[in-house]
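A short write-up of the structure that comes next.
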Amino acid sequence: MRVIKKIAINTGGGDAPGLNAVIRAVVVSAINKGYEVVGIRDGYNGLLRPEDYPEGGLMHLTRRSVRGITHLGGTILGTTNKGNPAKYPTMGPDGKMYEKDRTDELIAAFRKNGIDALVALGGDGSLGIANIISEKGIPTIGVPKTIDNDLDKTVVTFGFDTAVSFATECIDRLHSTAEAHRRVMVVEVMGRYAGWIALNSGVSGNADAILIPEIPYDINKVAAAIRERPKRGKHYAIVVVAEGALPVGGSASVVSRELGRAEKLGGAGERVAKELEPLVDKECRTVVLGHLLRGGCPTTFDRLISLRFGAAAIRALDEGMSGVMVALDPPTVRYVPLKDATRRMKVVPLSCDTIRTARDLGISFGD
Ligand code: F6P
């Protein structure tokens, strides 16, 4: 077995609160075990596009470089959701863009820079790449990051709790203005094709309707639920819409599809507001929380699991593991094969207790 001396860490895909906490835990616990640590800038671009980094595509990480970052949002390494090395957008000789597999080049760059192992922080896309890197011979450990919480085989991903907490706070603030104007406030939240953020913030924030990708909605049923409210003395409504929500027989609102990156979603909230307004005889206004959900300091819960995930990733490498993801399985963390974690998306199970609770409380899903 190859002896590990130098460990690289990278952050890929959309940023999520807690990334810096994981980086700090990885760096400090690795140094304490005698390893050297480098950070790859902007996903894998620091290695694949060294010409773009006059200061170097790798950051040498010391205790000092990670001091005081646990509570900070973003990532000191930078990230990208356009740099999938297995599908790298590349210009062909005919001037057209195509997707190129650059994973062998990446492995060669690891070897050239003396990198013996990798800790990859990412969502399903980034951890799929981590799995390829592991299969190509670089010991690799994945750490589950995403505000969407759509990664399988872990109870939760880091970043999700912060996103839900902020979305709930925003919904709380919208109640008073919605009530003052007797309006319907439609709140669109991120989450891609999973409804976790919408469901958890909608129930916690006392929404009247929650529309999630797992339950295609009928706008007439949403409207009927809202029309009932005044009979109980409530003259306004809050509708939380996941960005991936879709009407029965329709599809999600896709803004664009670009080479080498996931589909961009947007407009689900506006679509609901537009269709709802004539049916409820109330002004319907839309608020898109969007990237605000990715910003700010991680909650205590996210900080703690991030630190636990980071330290557990180094323990895994130290014990000779590879091709696994650190997963939360309270009260402990465990390791699951990256292949299993990335096989399918974790969507909201329709039988889950949060959906049942919402229904018991009279919240409509438009079904
Ligand atoms: O996966 C995290 C996420 O924030 C999704 O909820 C959202 O659809 C997407 O990233 C947005 O990505 P971008 O930063 O490219 O707009």
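Residue numbers start at 1 and run along the sequence shown. Small disclaimer: the values here were computed from a predicted structure and weren't measured.
Judged by distance alone, the side chain of Glu243 and the main-chain N or O of Gly266 form no donor-acceptor pair under 3.5 Å. A donor-acceptor pair is defined here as one N or O able to donate and one able to accept, closer than 3.5 Å; no such pair exists between the side chain of Ser134 and the backbone of Thr140. A donor-acceptor distance shorter than 3.5 angstrom exists from the side chain of Asn113 to the backbone of Ala109, with no hydrogens or angles considered. Between the side chain of Asn149 and the backbone N or O of Ile197, no donor-acceptor pair lies under 3.5 Å. Proximity of a side-chain donor or acceptor of Asp161 to a complementary backbone N or O of Phe301 within less than 3.5 Å is not detected. Proximity of a side-chain donor or acceptor of Asp124 to a complementary backbone N or O of Leu151 within less than 3.5 Å is not detected. Remark: side-chain polar atoms of Arg102 are paired, donor with acceptor, to backbone N or O of Leu48 under 3.5 angstrom. Under the 3.5 Å distance criterion, the side-chain polar atoms of Thr11 are matched with a main-chain donor or acceptor of Gly78.
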Show, in sequence, the C-alpha distance, side-chain angles and deciding distance for Val347 and Asp150, and conclude whether the side-chain contact (heavy atoms from CB on, under 4.5 Å) test is met.
CA-CA 6 Å; Val347 293; Asp150 59 355; over 6 Å; no
Please walk me through it: do Lys136 and Thr103 pass side-chain contact (heavy atoms from CB on, under 4.5 Å)?
CA-CA 9 Å; Lys136 293 198 174 203; Thr103 49; 3.1 Å; yes
Would you sort out whether Arg343 and Asp152 count as a side-chain contact (heavy atoms from CB on, under 4.5 Å), showing the intermediate values?
CA-CA 8 Å; Arg343 189 166 289 137; Asp152 205 13; over 6 Å; no
Take Lys346 and Lys153 through the test side-chain contact (heavy atoms from CB on, under 4.5 Å) and record every step on the way to the result.
CA-CA 8 Å; Lys346 182 180 73 183; Lys153 306 291 175 202; over 6 Å; no
Stepwise side-chain hydrogen bond (donor to acceptor under 3.5 Å, both in side chains) test for Ser165 and Thr168:
CA-CA 5 Å; Ser165 303; Thr168 305; over 6 Å; no
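If you chain together hydrophobic residues whose side chains sit under 4.5 Å apart, Tyr88 and Leu118 fall into the same group. Note on Leu127: it does not cluster hydrophobically with Val156, by side-chain heavy-atom contacts below 4.5 Å among ILVMFWY residues. Cluster annotation: Met190 is connected to Ile238 through the hydrophobic network of ILVMFWY side chains, with a link wherever side-chain heavy atoms come within less than 4.5 Å. Note on Leu199 and Leu265: separate hydrophobic clusters, where clusters join Ile, Leu, Val, Met, Phe, Trp and Tyr whose side-chain heavy atoms are under 4.5 Å apart, directly or indirectly. Leu61 and Val22 fall within the same hydrophobic cluster, defined by Ile, Leu, Val, Met, Phe, Trp and Tyr side-chain heavy atoms under 4.5 Å apart, directly or through other members.
Tested against Leu174, the residues Glu169, Met185, Arg183 include a single side-chain contact (heavy atoms from CB on, under 4.5 Å) partner, Met185.
Pairs engaging residues 325-335 under the side-chain hydrogen bond (donor to acceptor under 3.5 Å, both in side chains) rule: Asp329-Arg334 [sequence neighbours left out]. Among pairs with a residue in residues 141-183, those fulfilling ring pair (Phe, Tyr, Trp, His ring centres under 6.0 Å) read His175-Tyr236, at least two apart in sequence or across chains. Pairs of residues two or more places apart, or lying in two chains, that qualify as side-chain hydrogen bond (donor to acceptor under 3.5 Å, both in side chains) and include a residue from residues 189-213 are Tyr193-Glu263, Asp208-Arg229, Asp208-Lys234.
From Asn84, atom CG reaches atom CG of Asp101 across 9.0 Å, with rounding to the nearest 0.5 Å. Here the straight-line distance linking atom OG1 of Thr162 with atom CG of Leu293 works out to 10.5 Å at 0.5 Å rounding. Taken to the nearest 0.5 Å, the CD1 atom of Ile31 stands 9.0 Å off from the CD atom of Glu36. Taken from NZ in Lys145 to OG1 in Thr79, the straight-line distance is 6.0 Å, to the nearest 0.5 Å. Ile4 contributes atom CD1, which lies 8.0 Å from atom OG of Ser322 (distance to the nearest 0.5 angstrom). One distance of note links CD1 of Ile210 with CD1 of Ile171; it measures 7.5 Å at 0.5 Å rounding.
Environment of NZ in Lys6: crowded, with over 12 heavy atoms of neighbouring residues, nucleotides or ligands closer than 6.0 Å. Shown here is Arg227, whose CZ atom has more than 12 heavy atoms of other residues, nucleotides or ligands within 6.0 Å. The local environment of NZ in Lys282 is crowded, with over 12 non-hydrogen atoms from other residues, nucleotides or ligands closer than 6.0 Å. Remark: Asp281 CG is loosely packed, at most 12 non-hydrogen atoms of other residues, nucleotides or ligands lying under 6.0 Å away. The number of heavy-atom neighbours closer than 6.0 Å to CZ of Arg344, taken from other residues, nucleotides and ligands shown, is 12 or below. Under a cut-off of 6.0 angstrom, the local environment of CZ in Arg173 is sparse, with at most 12 non-hydrogen atoms contributed by other residues, nucleotides or ligands.
Under the 4.5 Å side-chain criterion, counting only non-hydrogen atoms from C-beta, Arg63 is not in contact with Val27. Using a 4.5 Å heavy-atom cutoff, the side chains of Tyr53 and Asn45 are in contact. For the pair Val26/Ile23, no side-chain contact is recorded, criterion being any heavy-atom separation below 4.5 Å from C-beta on. Inter-residue side-chain proximity for Leu58 and Leu47 is flagged as met; some heavy-atom pair is nearer than 4.5 Å. Side-chain contact between Ile215 and Leu211 is absent, with no heavy-atom pair separated by less than 4.5 Å. Counting only heavy atoms from C-beta outward, the side chains of Pro17 and Ile147 approach each other to under 4.5 Å. The side-chain heavy atoms of Leu77 and Leu121, taken from C-beta on, include no pair separated by under 4.5 Å. The shortest distance between side-chain heavy atoms of Thr154 and Val336 does not fall below 4.5 Å.
Of all the heavy atoms in Ala311 and Ser29, the pair that sits closest is CA-OG, 3.7 Å. The nearest pair of heavy atoms linking Arg303 to Ala21 is O-CB, 4.2 Å. The heavy-atom pair separating Val348 from Glu214 by the smallest distance is N-OE2, 2.9 Å. Here the closest non-hydrogen pair linking Ala86 and Ile132 is CB-CD1, 4.1 Å. Shortest non-hydrogen contact noted between Asp148 and Ala194 is O-CB, 4.4 Å. Nearest heavy-atom pair, Val184 versus Val239, reported as atom, atom and distance to 0.1 Å: CG1-CG2, 3.9 Å.
Every residue was checked against the side-chain hydrogen bond (donor to acceptor under 3.5 Å, both in side chains) condition with Asn81, not counting sequence neighbours, and none meets it. For Pro213, the side chain to side chain contact (heavy atoms under 4.5 Å, CB included) partners two or more places apart in sequence, or in a different chain, are Ala242, Leu246. For His291, the ring pair (Phe, Tyr, Trp, His ring centres under 6.0 Å) test picks out no residue, with sequence neighbours left out.
A salt bridge links Lys339 with Glu135; the closest basic N to acidic carboxylate O contact falls under 4.0 Å. Using a cut-off of 4.0 Å between Lys/Arg side-chain N and Asp/Glu carboxylate O, Lys5 and Asp116 are scored as not salt-bridged.
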